[in-house]
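Okay, structure first, notes after.
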Amino acid sequence: MTQVTRSFEGSLPTICDQDIIFFANILSIFYGNKQETDILRKEVGALETYGGRVIPILNLISSGKNNVIILEKEPNKDLLSYFYKDLNLTLPQLEVIDHRLYELLNEDESYSLELNEFVEQIKSFSAGCLHGYVTDSALEKLAGLAQKETLCSSKSSREGNNKFSLFEYLKGIDLPIFDTCVAQTSGELGDCYETLKSLGYKKAVIKAPIGASGIGMLKVSLNDALKELPDYLFYEGPCMVQGWLDDSIKGVEYIGSPSLQMMINQNGCVLYDITEQILSVDSIHEGNVSPPYYMEDGFKEDVLQQSEVAARWLHDQGYRGTASIDFLYTKRDSVPELRICEINARVTGATYPSVLARHFFPKGAWLMRNLSFSKALEADAILQMLEGSNLLYRPGMPAGVLPFNFNPDEKTFIGKGQFLFLAPTMLETTGLLKRMTNMDNLQGSFDRD
């Protein structure tokens, strides 16, 4: 049986003990589902700027000494200087390569000079293993051409992210699951709606097998007129139609969204953090806190026991890398209920802050938020304002704000950033957030991941 360990204190677990070349291929996370990718780009914006979040954590999750990260947009130099000089982090070698070259790998077999030069560049790195947000067919092909390997196969990466496959497994071993109907086509929705209404539900969520950041998930009222579902939802196979649990359901008193962070390596699975997701009204990820507010007796152990089962399933698929297990936690008639929603077999929005918090502040609390500024600013100005207010985190400080990625506009001004708030208690992390967002030039709004 696959070994699963719990490591909530002590050294940070890693995904491998060799040098890796990490491709920030966020545009590939839907495995060729172009329509779904286009929707994600429309909703989130400059997707290419999100790869920079991997820079400060890559050498922490891989014990190799010559790691490389392939970005799709030039990272902010002021933030890099902060990582290196102020946080004393060792950084991977940085390369910027247009995603267009990566996509050429999925086209015909006649390779252009440009593509051959790309392959030779990857071959020249001493690191022998390729990895990314996902391992798709393009990354697998590149590894073969460059005479390298991938940390996991495209098949295992894809299966590890498949919500329907996980649901079928959980159902088969009798773990708690959501009331679910399966729709092979839009024409089967009517029967699904009637079944869920007979169980007392007023709303449902339609889930594609693979999705991210709210894309591939539709929340519906069971009394609405039936609509034809877009084709991209069926790209990977049948959709799940699941009863939506909220306070409209009799007896439901509380809803929480815990998320278990883990590393999957050759030796087994390591569970290392439990967070609470901050979700929008449409259940789209906007941030995380750790530990969850409701870490009551029995809750943590229940999360860990269910996580061990799901982690073994993921390891058995052949997946290797960082991952998270998202849950729905409810209290119904004062009785706690915990159900696994999905596994995200990739670096997720919670991976970056969790790894950094574990490295710098292992016994404290942390909070991560995406902040969109009312007025775009120069990166150095943001850092200087935090520094001037004694908020900018440096190792050894009792509390502080650690910016770990900036999202620039076309003029390289920063319109949005991802920020980690570190303090001994959760109350103090929210105090840091309030101090920062009350500053005149740093005001704005919280945003999706």
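No experiment lies behind these values; they were computed from the predicted model shown.
Annotation: Tyr84, atom OH; neighbour count of heavy atoms from other residues, nucleotides and ligands within 6.0 Å does not exceed 12. The number of heavy atoms from other shown groups lying within 6.0 Å of CG (Asp224) is above 12. More than 12 heavy atoms of other shown residues, nucleotides or ligands fall within 6.0 angstrom of atom NZ in Lys123.
Between Glu159 and Ser157, the side chains place no donor N or O within less than 3.5 Å of an acceptor N or O (distance only, hydrogens not considered). In the model, His99 has a side-chain atom that pairs as donor or acceptor with a side-chain atom of Glu72 under 3.5 Å.
In this structure Asp191 satisfies the side chain to side chain contact (heavy atoms under 4.5 Å, CB included) test with no other residue, sequence neighbours excluded. In terms of the side chain to side chain contact (heavy atoms under 4.5 Å, CB included) criterion, residue partners of Ala127 (sequence neighbours excluded) are, by chain and number, Asp19, Ile21.
Checked for salt-bridge contact, Arg6 and Glu308 meet the test: a charged N lies under 4.0 Å from a carboxylate O. By the 4.0 Å N-to-carboxylate-O rule, Arg369 lies too far from Asp449 to be salt-bridged with it. For the pair Glu337 and Arg332, the salt-bridge criterion is met [side-chain N within less than 4.0 Å of a carboxylate O].
Applying the ring-ring contact (aromatic ring centres under 6.0 Å, His included) test to residues at least two apart or on different chains, the pairs with a partner in residues 234-256 are Tyr254-Tyr294.
A side-chain hydrogen bond (donor to acceptor under 3.5 Å, both in side chains) with Asp273 is found for one member of Ser259, Ser7, Ser354, Ser324 and no other, namely Ser354.
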